[in-house]
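Structure, as structure tokens:
As the structure lists them, so they are numbered: ligands from 1, and atoms in each ligand from 1.
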Amino acid sequence: MSSDLRGGAEYPVLPLKNVVVFPRTIVNLTIGRPKSIAALDEALNRTSGRLIVTAQRQADVEDPGAEELYKVGTLVDLVKVNRLPDGTAQIVVEGIRRVSLQRIVSRPSVIVARCVDLAEQYDSSAGSLMRHVAEEFERYAKLNRSITHEAAEQIQRADSAGRMADLVIAHLPVDLTAKQTVLELLNHKQRLEAVAVALATQIDLLELDQEIRNRVRQQMDKNQREYYLKEQLKAIHEELGSDLASEVAEFARRLEEKGLPESVLAKMQREVHRLERMTSSSPEANVIRTYLEFVLSLPWTERSDDRIDVDEARRILDEDHYGLEAVKERIVEFLAVRQLVRRTGGDAMRGPILCFAGPPGVGKTSLGRSIARSMNRKFVRLSLGGVRDEAEIRGHRRTYVGALPGRILQAMRTAGLINPVILLDEVDKMTSDFRGDPAAALLEVLDPEQNNQFTDHYLEAPYDLSQVMFITTANVLANIPRPLRDRMEVIEIHGYTEDEKVQIGRQFLTPKQVRQHGLAPRQVVIPEKTVAAIVRGYTRESGVRGLERAIATICRKVATRVVKHPETRVRITTTNLADYLGPPKYLRSQHLLDSQVGVATGLAYTEAGGEVLPVEVATMPGKGVLTITGRLGDVMQESARAALSYARSRAEQLRIDREFQEKLDLHIHIPEGATPKDGPSAGITMATALISALTGRPVRNDVAMTGEITLRGRVLPIGGLKEKALAAHRAGIRRILIPAENERDVQDIPKRVREELDIVLVETMDDVLRHTLAEAPRLGDPVVVLPPPELPPVPPVDLPLDPSVSA
Ligand code: ADP
């Protein structure tokens, strides 16, 4: 075969799979196909080791024909040939220049082609592009570790753009077509541009790759860090916090033993589980701890062996309380009904709720305590006074900082048993506002249909209150919300008479206080006469709290002396009483100062029981302005106006100057301005004081009165007669005027008081005036009322103010 034919030389062709050999590069090739081996032989034998390499379009074609080959290839020199025993060979070739394959002849044994050299097209304007590519390649080399330092240097030193492009593309992992394109591009600048684009893409890919790798590494680092920290924490827990593990186990055991209802137990176990996963000292762990301790401190099954024994109940009530016959009787009846219901298999707790109503200090609490004692139940008192927030009854959710269970459950915890007697004190003093209605919550507590599933916001689990016996107390029945009131069996307890107080003081309070102060009965003796002096001189109250306080004061002082001189024995007499209690606060005769003009004594019924209530009226020159002071409620103010209208309408008969309204201003005042007062029952008192002021006739000082007044002067009935009578008696008044229609209530007044009081029934204002004004107005006489200054001056009012009223 001639190697030098017209139009170009003819060389054997070595088809390559996926490889493009560039001029001035050295490439290692392994060849094995028969035609390839034949091409090798041909080159060695005929063309002095020179041959054409060109890529085949499809790598998977074993015996490619002429049309399968790219028409641009590279003329190469064989640098080294290493034949292997299996017939294949490893060869090293060095590219010489680009050639175009002109006529390809695929013989059965070998492919030969005539080739024409392709001229390189240099471009001198590619300098900056070359610098750019060189820099970019450096970047690339940093990203791709397989690029050697020498390779990079070689590229830096490339003498032309085309040469640089050939060197760079050889290092890029781009596909065959891309490489072949570069091979076919003869213009250097275009070739390098194509390579620059390929290089940038590769850099992007590598950078992305790097970033992903970094991210993966970071993630792994983080996971590892967490894992590591957790392991450490575990180790720390094991070192220190074996407590938490044992604490959790201890909780689990105690809960198990507590006998909780199943659903509650399950909930608590979940809480324990949460605790287990916490850091022992975290605030959340403390919240759970407090919660679990609370649950464990509540009674769930523990109970006392309660009983209802009517005889025993009566005995204990008598043992603890003086008098109160009717009250004790009703309590015993109430218990008897319960006992019966229970015997017949009924639910003893379904009955009404007992409610003791009456002024402070009459023994409501202590009756409750005795009931508990007689039934062998624990007693817990729970004061509702001032409760205005539903949460106080039902607790706060645990999500609140410092959340607490409600008072009911706190009382249960105090009781420690599921069947205590709980005394709900002062149900009438609850108020409701925007924070929810505590009365509604209380209703649920008291309702036997619901209270076996009582829900407290803190506990978040139903709690059974059905075994509890609830007793309530109130000062004023009218203030109890209606639905609550309907659930109650009310037992009213009235104030005590002086004699009763003396007996209670002597028989109950003195021994109790002596005991409580660690004294022996012989060390202090307070005879009956002295107790009576205390009641009269130092107290003015419906109950016996003040009395008990006074006795306690005496005991305290005696105890102090006994500590210094153990042999001390003290007898308190009416003479040395002042040494212990100071001068008396009340003098009986104080009320009975001279009769006064414009001052009448009324009787009122307040939360603290009955009270004596002076009414003052002053007149002064003016034009008929009526001023009313002393914090009077609406009803009382209207009552004052009604009294005034009555006085005007009867001016003639009463011998009052008809024109008095044009000449005088009137001022009605009821002292003790700080205590709000209301109700119609001061009507006749105000009318009396008014008429006295207008006529100048003094009001008798030993008479007190109560009654509503109509415009025509009729006297209407009033409530609280018994308390009022007791108050009058306490104050040393000897005669009271009461509405005739209240006659049937007179029997409620204790006998002793009834005997000592002159009770006068009145029907009209005329009756009242007849009994009160020192000199009844004489009808027919000329008008006695004179305009000031002739009017007798109203003396300063110095009626005693009873401090217990405002208590
Ligand atoms: P309340 O609950 O009605 O305000 P308490 O029950 O607190 O009154 O009574 C005040 C004090 O008076 C208590 O020490 C109580 O034992 C005593 N007391 C009240 N009434 C009697 C009574 N009838 N017999 C004996 N002690 C009484």
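- Here Thr473 has no heavy atoms under 4.0 Å from ligand 1, in either its backbone or its side chain.
- Contact annotation for Glu500 and ligand 1: no heavy atom of the residue comes within less than 4.0 Å of the ligand.
- Closest approach of Lys529 to Thr574, counting heavy atoms only: O-CG2, 3.9 Å.
- Under a 4.0 Å criterion applied to the non-hydrogen atoms of Leu324, ligand 1 contributes the atoms 23 (N).
- Nearest protein heavy-atom neighbour of atom 3 (O) of ligand 1: Lys364 NZ, 2.7 Å.
- Here the side chain of Asp428 pairs a donor or acceptor atom with the backbone of Val476 at under 3.5 angstrom.
- Shown here is Arg754, whose CZ atom has more than 12 heavy atoms of other residues, nucleotides or ligands within 6.0 Å.
- By the criterion of a heavy-atom distance under 4.0 Å, both the backbone and the side chain of Thr365 are placed next to ligand 1.
- Screening Arg373, Arg314, Arg369 for a salt bridge (charged side-chain N to carboxylate O under 4.0 Å, His left out) involving Asp320 leaves a single residue, Arg373.
- The ligand atoms of ligand 1 that sit less than 4.0 angstrom from a heavy atom of Tyr322 are 22 (C), 23 (N), 24 (N), 25 (C).
- Contacts of Phe356 with ligand 1, taken as heavy-atom pairs under 4.0 Å, are absent altogether.
- Counting protein heavy atoms only, atom 18 (N) of ligand 1 is closest to Val544 CG2, 3.8 Å.
- Residue Gly361 places a heavy atom under 4.0 Å from ligand 1.
- From the protein, the heavy atom lying nearest to atom 20 (N) of ligand 1 is Tyr496 OH, 2.9 Å.
- By the 6.0 Å contact criterion, CG on Asp486 is enclosed, its count of non-hydrogen atoms from other residues, nucleotides or ligands being greater than 12.
- Nearest protein heavy-atom contact of atom 6 (O) of ligand 1 is Ser366 N, 2.9 Å.
- Side chain to side chain, Lys378 and Asn419 fail the donor-acceptor criterion of an N or O pair below 3.5 Å.
- Here the rule is side-chain contact (heavy atoms from CB on, under 4.5 Å) with Ile733, and of Val612, Asp702, Asp758 only Val612 fits it.
- Looking at atom 27 (C) of ligand 1, its nearest protein heavy atom turns out to be Ile504 CG2, 3.8 Å.
- Atoms of ligand 1 found under 4.0 Å from any heavy atom of Arg545 (numbered from 1 in listed order, with element): 1 (P), 4 (O).
- At least one donor-acceptor pair under 3.5 Å links the side chain of Thr530 to the backbone N or O of Ile572.
- Between Gly363 and ligand 1, at least one pair of N/O atoms sits closer than 3.5 Å.
- Note on ligand 1: Ile493 sits outside its first shell, no heavy atom being nearer than 4.0 Å.
- For Tyr322 and Tyr496, the distance between ring centers is not under 6.0 angstrom.
- Across every non-hydrogen atom of Glu444 and Thr455, the tightest pair is OE2-N, 3.9 Å.
- Side-chain N/O atoms of Glu756 and His729 include a donor and acceptor closer than 3.5 Å.
- Among the atoms of Phe508, none of the N or O lies under 3.5 angstrom from an N or O of ligand 1.
- The protein heavy-atom contact nearest to atom 14 (O) of ligand 1 is Lys512 NZ, 2.4 Å.
- Every atom of ligand 1 with a heavy atom of Leu509 under 4.0 Å away is listed here by number and element: 17 (C).
- Among all heavy-atom pairs drawn from Lys724 and Ser681, the shortest one is NZ-OG, 3.2 Å.
- Using a 4.0 Å cut-off between heavy atoms, Glu548 contacts ligand 1 through its side chain alone, with no backbone atom that close.
- For Val362, a nitrogen or oxygen atom sits less than 3.5 Å from a nitrogen or oxygen atom of ligand 1, counting backbone and side chain alike.
- Between the side chain of Asp456 and the backbone N or O of Ile408, no donor-acceptor pair lies under 3.5 Å.
- Near Pro360, meaning under 4.0 Å from one of its heavy atoms, ligand 1 places the atoms 4 (O).
- Looking at Leu367 against ligand 1, nothing comes within 4.0 Å, counting heavy atoms.
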